[in-house]
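A quick write-up on the structure given underneath.
Each chain gets a letter, A, B and so on, in the order its sequence line appears, and its residues count up from 1. Since the model is a prediction, treat every value here as computed from it, not as a measurement.
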Number of protein chains: 2
Amino acid sequence: MARSASAMRGQILESALRLFAVHGFRGTSLQDIASDAGCSKASLLYHFAGKEKILTELLTPAQDAVAALLDRVAGLEGGRLVEETVVGYVDVALLFRRQIRLLFEDIAEMSCHQDLSVMELADGLLDALAGRSQRAPARVAAWMVLGAVFITSATDDEVVPDDVLRAEMIRSALRTLDHPPS
Amino acid sequence: MARSASAMRGQILESALRLFAVHGFRGTSLQDIASDAGCSKASLLYHFAGKEKILTELLTPAQDAVAALLDRVAGLEGGRLVEETVVGYVDVALLFRRQIRLLFEDIAEMSCHQDLSVMELADGLLDALAGRSQRAPARVAAWMVLGAVFITSATDDEVVPDDVLRAEMIRSALRTLDHPPS
DNA sequence: GTCAGTTCTGACCGATCGGACAGTTATGGT
DNA sequence: ACCATAACTGTCCGATCGGTCAGAACTGAC
């Protein structure tokens, strides 16, 4: 066969991205990628120095986009800074959503593989956070709160004390949901 | 030794939770847990039917807590529903933050193991989203936006069209940051 | 002391996976 | 036609890991 180098490389990257997004990085073997791309596993390792290098090449454009965004807002301040950053970040995230998804698939597969009914619980939480509304604005805001609290809890910013963190998370979440302070 | 069954089980669970939270579920082998708990790998598998069962036992209390929360807010509606759900969810998330962290460590280790400087970029994004403020409310809100957009992008709620999703994500994020609409 | 039952362990197994390597096939320049 | 180089492959290897199993060590009841 011996097609041109760039063609095979592109095919490998595309197969890898798709399989990673479905089964996660660790859940996808080099053989899986090779079979999907239509070449041998050895051919994979001819084009890429290792499995991680494939992931790196897949993630680098997203990293560059964020770096470019940070560069673009470097000189701004105040309201313009926040607005531009938010819009830019959302656009980058949506542009590279498949890459983001591949990061989560390992988690999802791990959570679902057992008898835990996390999905049902997440749905219930989503409904309640959206105030039982099915409208898009409420549902999107609920999704964001779900993710925001989840990730923020996992971080350990030892600068912020726990009680302050709790209070600010609640306030922020209620703002996200457009809920007037009581 | 042959200590009482519950003592060894508890020791194993504690070691597993700590190691999972540091190296992730997949990044921790049964041998690692056994060494940390001070027993043999075979003894692990005497107390737990498999590696996943350990994870299940670690995650079940958190699942039960969420289920209890959903049960508690089942009869509420309107403002009370949202408030109770948010406060309850934040409390559960903070209570089980180590369990949540273990879910993310696999991602973190995967992202950091390569030459990508994701941490610096995340910090830069955090600063910009917080409007260069170092105050706790701004930083917590920035963290939440960071996680919210990240997770929401990874979900595919095919009910909401992409352009609507983008607009609502931006609006929600700006609300989270307490940014007045322009 | 005896014995049944629980707890624990060393040794082993099968499977999987990432990667190495020598050799083969195709390509393009001359 | 020739050949250097790039592209590709089959095969093998070492390491890791989850899990099994027969049997040892310990315990408490009698």
Side-chain angles (χ1 to χ4, degrees), chain A residues 1-20 22-59 102 105-107 109-116, chain B residues 1-20 22-59 102 105-107 109-116:
Chain A
M1 288 293 172
R3 326 164 211 191
S4 75
S6 58
M8 196 68 240
R9 271 183 67 94
Q11 181 66 37
I12 290 172
L13 284 175
E14 191 174 313
S15 293
L17 176 57
R18 193 160 51 77
L19 292 175
F20 284 165
V22 174
H23 303 111
F25 177 71
R26 290 192 161 93
T28 305
S29 69
L30 291 181
Q31 188 58 59
D32 292 335
I33 303 172
S35 300
D36 190 273
C39 67
S40 68
K41 190 179 64 166
S43 184
L44 270 190
L45 294 163
Y46 169 77
H47 287 291
F48 298 92
K51 193 183 181 186
E52 299 231 336
K53 290 300 174 67
I54 300 178
L55 181 63
T56 301
E57 198 136 338
L58 243 27
L59 259 36
L102 86 81
E105 269 308 312
D106 278 310
I107 288 182
E109 201 146 350
M110 180 166 51
S111 298
C112 296
H113 205 284
Q114 44 194 56
D115 39 12
L116 302 175
Chain B
M1 285 297 172
R3 324 163 214 194
S4 76
S6 58
M8 195 72 241
R9 271 183 68 96
Q11 181 65 37
I12 290 173
L13 284 174
E14 190 174 312
S15 293
L17 177 56
R18 193 160 52 78
L19 292 175
F20 285 166
V22 174
H23 304 111
F25 177 71
R26 289 191 161 96
T28 304
S29 69
L30 291 181
Q31 188 58 61
D32 293 336
I33 303 173
S35 300
D36 189 272
C39 67
S40 70
K41 191 180 62 167
S43 185
L44 268 191
L45 294 160
Y46 168 76
H47 287 289
F48 299 92
K51 191 182 180 186
E52 299 231 335
K53 290 301 173 65
I54 300 178
L55 181 63
T56 301
E57 197 136 338
L58 245 24
L59 259 36
L102 85 82
E105 269 308 310
D106 279 310
I107 289 183
E109 202 149 348
M110 180 165 53
S111 298
C112 295
H113 206 284
Q114 43 194 57
D115 38 14
L116 301 175

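In terms of position along DNA chain C, the nucleotide closest to A/Gly27 lies nearer the 5' end than the nucleotide closest to the other residue of the pair A/Gly27 and A/Ala49.
Of the candidate nucleotides D/dG10, C/dC8, C/dT9, C/dC8 has the atom nearest to the side chain of B/His47. You'll find that the side chain of A/Lys41 is closest to C/dG19, out of D/dG19, C/dG19, D/dT9.
In terms of phosphate contacts, B/Ser43 brings a side-chain nitrogen or oxygen within less than 4.0 Å of OP1 or OP2 of C/dT9.
At a threshold of 4.5 Å between non-hydrogen side-chain atoms, the residues A/Ile107 and B/Asp106 do not count as touching.
Separating the CD1 atom of B/Ile33 from the C1' atom of D/dG19 is a distance of 14 Å, rounded to the nearest angstrom. Distance OH (A/Tyr46) to P (C/dA20): 15 Å, rounded to an integer number of Å. Taking atom CG on B/Asp32 and atom P on D/dC17, their separation rounds to 7 Å, with Å as the unit. In this structure, the CG atom of A/Leu45 is 14 Å from the C1' atom of D/dC13, given to the nearest Å.
At a threshold of 4.0 angstrom between heavy atoms, the contacts of B/Ser40 include nucleobase atoms, whether or not backbone atoms are also involved. Residue contacts shown for B/Ser29 are limited to sugar-phosphate atoms, with no base heavy atom under 4.0 Å away. Among the protein residues, A/Leu30 comes within range of the sugar-phosphate backbone only, with heavy atoms under 4.0 Å from sugar or phosphate atoms but none that close to a base.
The environment of B/Gln31 atom CD is dense: over 12 non-hydrogen atoms of other residues, nucleotides or ligands sit within 6.0 angstrom.
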